[in-house]
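Convention: sequence-line order gives letters A, B, ...; per-chain numbering from 1.
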Number of protein chains: 2
Amino acid sequence: MTKAERTRQLILEKAAPLFNTKGVAGTSLSDILEVTKLAKGSLYVHFENKEDLAHEVVDYQLDRLANVVETAMSRKKTAKEKLFAYIDLYLDPLNPPIIGGCPLLNFGMEADDTDEVIRKKVHQLVEKAQQNIRSIVERGIETGELKSDWDAKEFATTMFAMVEGGIMMSRIAGNNKAMQVIARSLKNEIEEKVN
Amino acid sequence: MTKAERTRQLILEKAAPLFNTKGVAGTSLSDILEVTKLAKGSLYVHFENKEDLAHEVVDYQLDRLANVVETAMSRKKTAKEKLFAYIDLYLDPLNPPIIGGCPLLNFGMEADDTDEVIRKKVHQLVEKAQQNIRSIVERGIETGELKSDWDAKEFATTMFAMVEGGIMMSRIAGNNKAMQVIARSLKNEIEEKVN
DNA sequence: TCAATAAATGACCGATCGGTCGTAACAATA
DNA sequence: TATTGTTACGACCGATCGGTCATTTATTGA
(Lines give C-alpha, C1' and ligand atoms only; values in the text may rest on other atoms or scores of the structure.)
Protein backbone atom coordinates (compact mmCIF):
# COMPACT_ATOMS: atom_id res chain seq x y z
CA MET A 1 0.00 0.00 0.00
CA THR A 2 1.58 3.25 -1.12
CA LYS A 3 1.42 6.46 0.88
CA ALA A 4 -1.22 7.82 -1.47
CA GLU A 5 -3.38 4.76 -1.05
CA ARG A 6 -3.10 4.91 2.72
CA THR A 7 -4.04 8.58 2.86
CA ARG A 8 -6.91 8.11 0.49
CA GLN A 9 -8.18 5.29 2.64
CA LEU A 10 -7.82 7.39 5.78
CA ILE A 11 -9.89 10.17 4.27
CA LEU A 12 -12.62 7.74 3.22
CA GLU A 13 -12.70 6.08 6.65
CA LYS A 14 -12.89 9.33 8.54
CA ALA A 15 -15.25 11.13 6.17
CA ALA A 16 -17.69 8.24 5.85
CA PRO A 17 -19.33 8.52 9.27
CA LEU A 18 -19.59 12.28 8.86
CA PHE A 19 -21.42 12.04 5.56
CA ASN A 20 -23.58 9.22 6.89
CA THR A 21 -24.73 11.12 9.96
CA LYS A 22 -24.83 14.75 8.82
CA GLY A 23 -25.52 14.13 5.16
CA VAL A 24 -23.49 15.28 2.18
CA ALA A 25 -24.86 18.83 2.21
CA GLY A 26 -24.46 19.01 5.98
CA THR A 27 -20.80 18.02 5.98
CA SER A 28 -18.19 20.65 5.17
CA LEU A 29 -14.61 20.17 4.05
CA SER A 30 -13.45 21.71 7.30
CA ASP A 31 -15.37 18.98 9.18
CA ILE A 32 -13.34 16.44 7.25
CA LEU A 33 -10.05 18.27 7.73
CA GLU A 34 -10.73 18.29 11.45
CA VAL A 35 -11.16 14.52 11.79
CA THR A 36 -8.40 13.59 9.33
CA LYS A 37 -5.92 16.15 10.70
CA LEU A 38 -4.98 16.94 7.14
CA ALA A 39 -4.55 20.27 5.39
CA LYS A 40 -7.06 21.31 2.78
CA GLY A 41 -4.68 20.86 -0.13
CA SER A 42 -4.22 17.20 0.71
CA LEU A 43 -7.85 16.42 0.02
CA TYR A 44 -7.42 17.69 -3.49
CA VAL A 45 -4.41 15.44 -4.10
CA HIS A 46 -6.72 12.46 -3.74
CA PHE A 47 -10.12 13.73 -4.84
CA GLU A 48 -11.26 16.12 -7.55
CA ASN A 49 -13.69 18.03 -5.38
CA LYS A 50 -16.29 17.59 -2.66
CA GLU A 51 -18.77 15.94 -5.00
CA ASP A 52 -16.19 13.40 -6.13
CA LEU A 53 -15.26 12.69 -2.51
CA ALA A 54 -18.93 12.21 -1.62
CA HIS A 55 -19.35 9.71 -4.42
CA GLU A 56 -16.28 7.78 -3.35
CA VAL A 57 -17.49 7.79 0.24
CA VAL A 58 -20.81 6.36 -0.88
CA ASP A 59 -18.99 3.59 -2.73
CA TYR A 60 -16.90 2.94 0.34
CA GLN A 61 -19.91 2.76 2.67
CA LEU A 62 -21.96 0.59 0.36
CA ASP A 63 -19.04 -1.80 -0.05
CA ARG A 64 -18.75 -2.03 3.71
CA LEU A 65 -22.44 -2.70 4.08
CA ALA A 66 -22.35 -5.37 1.40
CA ASN A 67 -19.41 -7.01 3.13
CA VAL A 68 -21.06 -6.98 6.54
CA VAL A 69 -24.15 -8.65 5.11
CA GLU A 70 -22.16 -11.09 3.03
CA THR A 71 -20.01 -12.12 5.98
CA ALA A 72 -22.91 -12.58 8.37
CA MET A 73 -24.90 -14.68 5.94
CA SER A 74 -22.08 -16.80 4.56
CA ARG A 75 -21.46 -18.18 8.05
CA LYS A 76 -24.88 -19.82 7.98
CA LYS A 77 -25.93 -22.91 6.07
CA THR A 78 -29.71 -23.15 5.82
CA ALA A 79 -31.96 -20.61 4.15
CA LYS A 80 -33.74 -19.94 7.41
CA GLU A 81 -30.47 -19.30 9.22
CA LYS A 82 -29.27 -16.98 6.50
CA LEU A 83 -32.47 -14.95 6.54
CA PHE A 84 -32.40 -14.79 10.33
CA ALA A 85 -28.79 -13.62 10.19
CA TYR A 86 -29.79 -10.83 7.83
CA ILE A 87 -32.57 -9.72 10.15
CA ASP A 88 -30.34 -9.91 13.21
CA LEU A 89 -27.89 -7.53 11.58
CA TYR A 90 -30.50 -4.81 11.79
CA LEU A 91 -31.88 -5.62 15.22
CA ASP A 92 -30.31 -2.63 16.92
CA PRO A 93 -30.60 0.42 14.64
CA LEU A 94 -29.48 2.71 17.45
CA ASN A 95 -26.12 0.96 17.64
CA PRO A 96 -25.68 -0.11 14.06
CA PRO A 97 -22.60 -1.81 12.60
CA ILE A 98 -22.20 1.25 10.36
CA ILE A 99 -22.11 4.55 12.21
CA GLY A 100 -25.09 6.73 11.38
CA GLY A 101 -27.24 3.81 10.34
CA CYS A 102 -28.10 2.22 7.03
CA PRO A 103 -26.35 4.17 4.25
CA LEU A 104 -28.98 3.01 1.77
CA LEU A 105 -31.58 4.88 3.77
CA ASN A 106 -29.43 7.90 4.57
CA PHE A 107 -27.80 8.51 1.21
CA GLY A 108 -30.85 7.28 -0.66
CA MET A 109 -33.27 9.72 0.89
CA GLU A 110 -30.91 12.65 0.58
CA ALA A 111 -29.94 11.87 -3.00
CA ASP A 112 -33.25 10.85 -4.55
CA ASP A 113 -33.98 14.43 -5.58
CA THR A 114 -30.49 15.91 -5.57
CA ASP A 115 -27.80 13.56 -6.85
CA GLU A 116 -28.48 11.14 -9.66
CA VAL A 117 -25.07 9.49 -9.33
CA ILE A 118 -25.57 8.59 -5.68
CA ARG A 119 -29.16 7.59 -6.32
CA LYS A 120 -28.00 5.04 -8.88
CA LYS A 121 -25.25 3.66 -6.66
CA VAL A 122 -27.77 3.15 -3.87
CA HIS A 123 -30.29 1.69 -6.28
CA GLN A 124 -27.80 -0.96 -7.38
CA LEU A 125 -27.24 -2.22 -3.87
CA VAL A 126 -30.94 -2.13 -3.04
CA GLU A 127 -31.52 -4.37 -6.04
CA LYS A 128 -28.64 -6.63 -5.08
CA ALA A 129 -29.93 -7.01 -1.53
CA GLN A 130 -33.36 -8.04 -2.75
CA GLN A 131 -31.85 -10.41 -5.28
CA ASN A 132 -29.82 -11.91 -2.48
CA ILE A 133 -32.87 -12.59 -0.31
CA ARG A 134 -34.76 -13.92 -3.29
CA SER A 135 -31.99 -16.34 -4.25
CA ILE A 136 -31.78 -17.71 -0.74
CA VAL A 137 -35.51 -18.37 -0.64
CA GLU A 138 -35.46 -19.93 -4.09
CA ARG A 139 -32.58 -22.19 -3.20
CA GLY A 140 -34.36 -23.07 0.03
CA ILE A 141 -37.38 -24.12 -1.98
CA GLU A 142 -35.24 -26.18 -4.36
CA THR A 143 -33.59 -28.10 -1.55
CA GLY A 144 -36.95 -28.74 0.05
CA GLU A 145 -36.15 -26.71 3.14
CA LEU A 146 -38.89 -24.19 2.37
CA LYS A 147 -42.43 -24.58 1.13
CA SER A 148 -42.79 -24.28 -2.60
CA ASP A 149 -45.84 -22.02 -2.56
CA TRP A 150 -43.72 -19.09 -1.45
CA ASP A 151 -43.32 -16.12 -3.77
CA ALA A 152 -39.63 -15.42 -3.32
CA LYS A 153 -39.57 -12.18 -5.25
CA GLU A 154 -42.49 -10.68 -3.38
CA PHE A 155 -41.07 -11.75 -0.07
CA ALA A 156 -37.72 -10.16 -0.89
CA THR A 157 -39.41 -6.86 -1.59
CA THR A 158 -41.59 -6.84 1.50
CA MET A 159 -38.83 -8.06 3.79
CA PHE A 160 -36.44 -5.40 2.56
CA ALA A 161 -39.09 -2.71 2.95
CA MET A 162 -39.94 -3.84 6.46
CA VAL A 163 -36.32 -3.80 7.56
CA GLU A 164 -35.63 -0.36 6.14
CA GLY A 165 -38.91 0.96 7.47
CA GLY A 166 -38.10 -0.51 10.85
CA ILE A 167 -34.72 1.17 10.90
CA MET A 168 -36.35 4.47 10.08
CA MET A 169 -38.94 4.07 12.82
CA SER A 170 -36.45 3.04 15.46
CA ARG A 171 -33.99 5.80 14.70
CA ILE A 172 -36.76 8.38 14.78
CA ALA A 173 -38.18 6.95 17.99
CA GLY A 174 -34.80 6.77 19.66
CA ASN A 175 -35.44 3.17 20.67
CA ASN A 176 -35.51 -0.24 19.03
CA LYS A 177 -39.04 -1.32 19.82
CA ALA A 178 -40.38 -1.03 16.29
CA MET A 179 -37.46 -2.98 14.87
CA GLN A 180 -37.96 -5.74 17.40
CA VAL A 181 -41.62 -6.11 16.51
CA ILE A 182 -40.69 -6.22 12.84
CA ALA A 183 -37.90 -8.75 13.35
CA ARG A 184 -40.23 -11.03 15.28
CA SER A 185 -42.93 -10.70 12.65
CA LEU A 186 -40.50 -11.49 9.83
CA LYS A 187 -39.06 -14.46 11.64
CA ASN A 188 -42.56 -15.83 12.28
CA GLU A 189 -43.37 -15.48 8.62
CA ILE A 190 -40.20 -17.36 7.67
CA GLU A 191 -40.76 -20.04 10.28
CA GLU A 192 -44.18 -20.75 8.82
CA LYS A 193 -42.59 -21.47 5.49
CA VAL A 194 -40.11 -24.01 6.77
CA ASN A 195 -41.03 -27.60 5.97
CA MET B 1 -55.98 37.13 7.68
CA THR B 2 -53.59 40.00 8.27
CA LYS B 3 -50.76 40.89 5.94
CA ALA B 4 -48.26 39.32 8.29
CA GLU B 5 -50.19 36.07 8.44
CA ARG B 6 -50.46 35.93 4.67
CA THR B 7 -46.75 36.52 4.16
CA ARG B 8 -45.83 34.01 6.77
CA GLN B 9 -48.05 31.46 5.09
CA LEU B 10 -46.51 32.26 1.70
CA ILE B 11 -43.03 31.65 3.04
CA LEU B 12 -44.04 28.32 4.57
CA GLU B 13 -45.78 27.19 1.38
CA LYS B 14 -42.89 28.09 -0.86
CA ALA B 15 -40.12 26.93 1.45
CA ALA B 16 -41.73 23.59 2.31
CA PRO B 17 -41.07 21.81 -1.00
CA LEU B 18 -37.50 23.11 -1.01
CA PHE B 19 -36.73 21.74 2.44
CA ASN B 20 -38.52 18.49 1.62
CA THR B 21 -36.54 17.84 -1.56
CA LYS B 22 -33.12 19.33 -0.85
CA GLY B 23 -33.12 18.89 2.90
CA VAL B 24 -32.67 21.55 5.56
CA ALA B 25 -28.89 21.71 5.22
CA GLY B 26 -29.16 21.70 1.44
CA THR B 27 -31.57 24.64 1.28
CA SER B 28 -30.17 28.15 1.57
CA LEU B 29 -31.98 31.34 2.47
CA SER B 30 -31.30 32.62 -1.04
CA ASP B 31 -33.15 29.58 -2.42
CA ILE B 32 -36.14 30.64 -0.37
CA LEU B 33 -35.85 34.31 -1.32
CA GLU B 34 -35.85 33.28 -4.96
CA VAL B 35 -39.12 31.33 -4.82
CA THR B 36 -40.90 33.75 -2.50
CA LYS B 37 -39.69 36.87 -4.33
CA LEU B 38 -39.07 38.46 -0.97
CA ALA B 39 -36.08 40.39 0.34
CA LYS B 40 -33.93 38.83 2.99
CA GLY B 41 -35.08 41.17 5.72
CA SER B 42 -38.68 40.04 5.28
CA LEU B 43 -37.86 36.51 6.33
CA TYR B 44 -36.60 37.80 9.64
CA VAL B 45 -39.82 39.70 10.27
CA HIS B 46 -41.64 36.38 10.45
CA PHE B 47 -39.01 33.92 11.66
CA GLU B 48 -36.17 34.18 14.14
CA ASN B 49 -33.58 32.46 11.97
CA LYS B 50 -33.15 29.59 9.53
CA GLU B 51 -33.48 26.95 12.23
CA ASP B 52 -36.75 28.44 13.45
CA LEU B 53 -38.03 28.57 9.88
CA ALA B 54 -37.05 24.94 9.33
CA HIS B 55 -38.94 23.88 12.43
CA GLU B 56 -42.04 25.78 11.35
CA VAL B 57 -41.80 24.26 7.89
CA VAL B 58 -41.65 20.80 9.43
CA ASP B 59 -44.79 21.56 11.45
CA TYR B 60 -46.47 22.86 8.32
CA GLN B 61 -45.57 19.78 6.26
CA LEU B 62 -46.53 17.30 8.96
CA ASP B 63 -49.87 19.06 9.42
CA ARG B 64 -50.47 18.80 5.70
CA LEU B 65 -49.61 15.11 5.69
CA ALA B 66 -51.87 14.45 8.66
CA ASN B 67 -54.70 16.26 6.89
CA VAL B 68 -54.26 14.36 3.65
CA VAL B 69 -54.39 11.06 5.51
CA GLU B 70 -57.28 12.14 7.69
CA THR B 71 -59.32 13.34 4.72
CA ALA B 72 -58.74 10.22 2.63
CA MET B 73 -59.66 7.87 5.45
CA SER B 74 -62.63 9.76 6.85
CA ARG B 75 -64.40 9.35 3.52
CA LYS B 76 -64.50 5.59 4.03
CA LYS B 77 -66.72 3.65 6.37
CA THR B 78 -65.39 0.13 6.94
CA ALA B 79 -62.02 -0.71 8.47
CA LYS B 80 -60.93 -2.46 5.29
CA GLU B 81 -61.83 0.56 3.18
CA LYS B 82 -60.00 2.90 5.50
CA LEU B 83 -56.85 0.80 5.47
CA PHE B 84 -57.02 0.48 1.70
CA ALA B 85 -57.43 4.26 1.41
CA TYR B 86 -54.29 4.74 3.49
CA ILE B 87 -52.33 2.38 1.28
CA ASP B 88 -53.63 3.96 -1.90
CA LEU B 89 -52.36 7.34 -0.76
CA TYR B 90 -48.83 6.02 -1.08
CA LEU B 91 -49.26 4.02 -4.28
CA ASP B 92 -47.31 6.47 -6.42
CA PRO B 93 -44.25 7.68 -4.50
CA LEU B 94 -42.84 9.27 -7.65
CA ASN B 95 -45.82 11.64 -7.89
CA PRO B 96 -46.69 12.02 -4.23
CA PRO B 97 -49.38 14.31 -2.83
CA ILE B 98 -46.61 16.18 -1.00
CA ILE B 99 -43.77 17.36 -3.23
CA GLY B 100 -40.51 15.61 -2.43
CA GLY B 101 -42.20 12.60 -0.89
CA CYS B 102 -43.06 11.58 2.64
CA PRO B 103 -41.78 14.27 5.02
CA LEU B 104 -41.57 11.71 7.82
CA LEU B 105 -38.96 9.85 5.82
CA ASN B 106 -37.14 12.92 4.49
CA PHE B 107 -37.01 15.03 7.63
CA GLY B 108 -36.74 12.00 9.87
CA MET B 109 -33.65 10.58 8.23
CA GLU B 110 -31.94 13.94 8.02
CA ALA B 111 -32.76 14.92 11.58
CA ASP B 112 -32.22 11.69 13.48
CA ASP B 113 -28.58 12.58 14.13
CA THR B 114 -28.66 16.34 13.68
CA ASP B 115 -31.80 18.01 15.02
CA GLU B 116 -33.52 16.75 18.12
CA VAL B 117 -36.44 19.17 17.74
CA ILE B 118 -37.32 17.93 14.27
CA ARG B 119 -36.72 14.33 15.30
CA LYS B 120 -39.32 14.67 18.05
CA LYS B 121 -41.87 16.35 15.81
CA VAL B 122 -41.51 13.53 13.30
CA HIS B 123 -41.64 10.95 16.04
CA GLN B 124 -44.97 12.29 17.25
CA LEU B 125 -46.61 11.88 13.87
CA VAL B 126 -45.08 8.46 13.34
CA GLU B 127 -46.65 7.38 16.61
CA LYS B 128 -49.95 8.99 15.70
CA ALA B 129 -50.04 7.25 12.34
CA GLN B 130 -49.48 3.86 13.94
CA GLN B 131 -52.06 4.58 16.60
CA ASN B 132 -54.47 5.50 13.85
CA ILE B 133 -54.00 2.19 12.02
CA ARG B 134 -54.21 0.31 15.27
CA SER B 135 -57.48 1.97 16.28
CA ILE B 136 -59.07 1.21 12.95
CA VAL B 137 -58.16 -2.47 13.23
CA GLU B 138 -59.34 -2.64 16.82
CA ARG B 139 -62.64 -1.03 15.98
CA GLY B 140 -62.97 -3.38 13.02
CA ILE B 141 -62.53 -6.30 15.37
CA GLU B 142 -65.09 -4.89 17.80
CA THR B 143 -67.72 -4.48 15.10
CA GLY B 144 -67.07 -8.01 13.87
CA GLU B 145 -65.77 -6.84 10.50
CA LEU B 146 -62.31 -8.24 11.18
CA LYS B 147 -61.11 -11.46 12.72
CA SER B 148 -60.39 -11.21 16.41
CA ASP B 149 -57.08 -13.09 16.32
CA TRP B 150 -55.41 -10.12 14.73
CA ASP B 151 -52.67 -8.31 16.65
CA ALA B 152 -53.60 -4.72 15.85
CA LYS B 153 -50.52 -3.15 17.36
CA GLU B 154 -48.10 -5.43 15.59
CA PHE B 155 -49.91 -4.95 12.30
CA ALA B 156 -49.78 -1.17 12.67
CA THR B 157 -46.02 -1.31 13.12
CA THR B 158 -45.34 -3.65 10.21
CA MET B 159 -47.76 -1.91 7.88
CA PHE B 160 -46.24 1.48 8.59
CA ALA B 161 -42.73 0.09 8.10
CA MET B 162 -43.68 -1.54 4.82
CA VAL B 163 -45.22 1.62 3.44
CA GLU B 164 -42.25 3.81 4.39
CA GLY B 165 -39.81 1.19 3.18
CA GLY B 166 -41.74 0.93 -0.07
CA ILE B 167 -41.60 4.69 -0.57
CA MET B 168 -37.86 4.60 -0.03
CA MET B 169 -37.39 1.75 -2.49
CA SER B 170 -39.55 3.32 -5.17
CA ARG B 171 -37.98 6.75 -4.94
CA ILE B 172 -34.52 5.26 -5.11
CA ALA B 173 -35.46 3.00 -8.01
CA GLY B 174 -37.16 5.79 -9.89
CA ASN B 175 -40.25 3.66 -10.43
CA ASN B 176 -43.20 2.44 -8.40
CA LYS B 177 -42.79 -1.31 -8.78
CA ALA B 178 -41.71 -1.99 -5.21
CA MET B 179 -44.55 0.06 -3.79
CA GLN B 180 -47.07 -1.80 -5.92
CA VAL B 181 -45.83 -5.16 -4.73
CA ILE B 182 -46.04 -3.93 -1.16
CA ALA B 183 -49.49 -2.46 -1.57
CA ARG B 184 -50.78 -5.71 -3.04
CA SER B 185 -49.17 -7.73 -0.27
CA LEU B 186 -50.66 -5.50 2.43
CA LYS B 187 -54.10 -5.60 0.87
CA ASN B 188 -53.97 -9.39 0.67
CA GLU B 189 -53.02 -9.56 4.31
CA ILE B 190 -55.96 -7.32 5.23
CA GLU B 191 -58.36 -9.21 3.00
CA GLU B 192 -57.49 -12.44 4.80
CA LYS B 193 -58.55 -10.87 8.08
CA VAL B 194 -61.97 -9.79 6.89
CA ASN B 195 -64.81 -11.96 8.17
C1' DT C 1 22.27 7.26 -1.90
C1' DC C 2 20.29 10.59 -4.28
C1' DA C 3 17.71 12.52 -7.98
C1' DA C 4 13.10 12.46 -9.60
C1' DT C 5 8.49 12.21 -8.38
C1' DA C 6 4.62 12.66 -5.49
C1' DA C 7 2.24 14.20 -1.37
C1' DA C 8 1.31 17.64 2.12
C1' DT C 9 0.97 22.23 3.42
C1' DG C 10 -1.57 26.61 4.40
C1' DA C 11 -2.06 31.26 2.78
C1' DC C 12 -5.06 32.94 -0.29
C1' DC C 13 -9.26 33.52 -3.50
C1' DG C 14 -14.02 34.84 -4.85
C1' DA C 15 -18.54 33.37 -3.77
C1' DT C 16 -21.94 32.45 -0.74
C1' DC C 17 -23.47 31.56 3.79
C1' DG C 18 -26.79 33.16 7.69
C1' DG C 19 -27.88 37.35 9.84
C1' DT C 20 -28.47 42.77 10.95
C1' DC C 21 -30.33 47.23 10.62
C1' DG C 22 -31.54 51.98 9.08
C1' DT C 23 -34.83 53.51 5.89
C1' DA C 24 -38.85 53.48 2.96
C1' DA C 25 -43.30 51.75 1.90
C1' DC C 26 -47.45 50.14 3.45
C1' DA C 27 -51.57 48.85 6.45
C1' DA C 28 -54.52 49.44 10.15
C1' DT C 29 -57.22 52.43 12.91
C1' DA C 30 -58.94 56.42 15.23
C1' DT D 1 -57.37 61.41 6.32
C1' DA D 2 -53.75 61.68 9.42
C1' DT D 3 -51.15 59.07 12.45
C1' DT D 4 -48.98 55.22 14.16
C1' DG D 5 -47.35 50.82 14.15
C1' DT D 6 -45.99 47.08 11.03
C1' DT D 7 -43.89 45.01 7.07
C1' DA D 8 -40.61 45.08 3.27
C1' DC D 9 -36.46 46.30 1.59
C1' DG D 10 -31.49 45.62 0.31
C1' DA D 11 -26.91 47.24 1.34
C1' DC D 12 -23.89 45.58 4.43
C1' DC D 13 -21.41 42.42 7.89
C1' DG D 14 -18.17 38.76 9.45
C1' DA D 15 -17.74 33.92 8.91
C1' DT D 16 -17.42 30.12 6.29
C1' DC D 17 -17.96 27.84 2.05
C1' DG D 18 -15.45 25.01 -1.76
C1' DG D 19 -11.35 25.40 -4.30
C1' DT D 20 -6.29 26.86 -6.01
C1' DC D 21 -1.40 26.95 -6.07
C1' DA D 22 3.49 28.00 -5.08
C1' DT D 23 6.35 25.98 -1.87
C1' DT D 24 8.05 22.58 1.37
C1' DT D 25 8.49 17.93 2.79
C1' DA D 26 8.42 13.10 2.16
C1' DT D 27 8.48 8.93 -0.65
C1' DT D 28 10.08 6.12 -4.09
C1' DG D 29 12.86 3.42 -7.18
C1' DA D 30 17.20 3.43 -10.10
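Tracing side-chain contacts under 4.5 Å through hydrophobic residues (I, L, V, M, F, W, Y), one reaches A/F155 starting from B/M168; they form part of the same cluster.
DNA chain C is contacted by both B/R6 and B/E51; B/E51 maps to the nucleotide lying nearer its 5′ end (nearest heavy atom per residue). For A/D31 and A/G41, each mapped to the nucleotide of DNA chain D holding its nearest heavy atom, the one lying further toward the 5' end belongs to A/D31. Checking B/T7 against A/S30, the closest nucleotide of DNA chain D that is more toward the 5' end is the one next to B/T7.
Judged purely by distance below 3.5 Å, without hydrogens or angles, the side chains of A/S28 and A/D31 pair a donor atom with an acceptor atom. A/E81 and A/T78 are linked by a side-chain donor-acceptor pair at a separation below 3.5 angstrom, with hydrogens and angles left out of the test.
Among residues at least two apart or in separate chains, side-chain hydrogen bond (donor to acceptor under 3.5 Å, both in side chains) pairs with a member in residues 88-117 of chain A are A/N20-A/N106, A/H55-A/D115, A/D88-A/K187, A/D92-A/N176, A/D112-B/R171, A/D113-B/R171, A/E116-A/R119.
No engagement by A/L43 is indicated, since no non-hydrogen atom pair under 4.0 Å with the nucleic acid exists. In this structure, A/S42 reaches the bases: a heavy-atom distance under 4.0 Å links it to at least one base atom across the strands shown. Using a 4.0 Å heavy-atom cutoff across all strands shown, A/T27 reaches sugar-phosphate atoms only and no base atom.
Looking only at side-chain heavy atoms (C-beta outward), A/V163 and A/M179 come within less than 4.5 Å of each other. Between B/L105 and A/L105, the closest side-chain pair of non-hydrogen atoms falls below 4.5 Å.
The footprint of chain A on DNA chain C, defined by a heavy-atom cutoff below 4.0 Å, extends from C/dA7 to C/dG10.
For the pair B/E34 CD and D/dG10 C1', the computed distance is 17 Å after rounding to whole Å. Separating the OH atom of A/Y44 from the C1' atom of D/dT20 is a distance of 9 Å, rounded to the nearest angstrom. D/dG19 atom C1' lies 13 Å from atom CG of A/D52, rounded to whole Å. The nearest whole Å value for the distance from the NZ atom in A/K3 to the P atom in D/dG29 is 14 Å. Between B/R8 atom CZ and D/dA8 atom P there is a gap of 13 Å when expressed in whole angstrom units.
Close to D/dA8, at under 4.0 Å from its OP1 or OP2, lies a side-chain N or O of B/H46. In this structure, A/K40 does not reach the D/dC21 phosphate: none of its side-chain N or O atoms is under 4.0 Å from OP1 or OP2.
Cation-pi check for A/K82 over A/F84 is not met; the charged atom does not lie both under 6.0 angstrom from the ring centroid and within 45 degrees of its normal.
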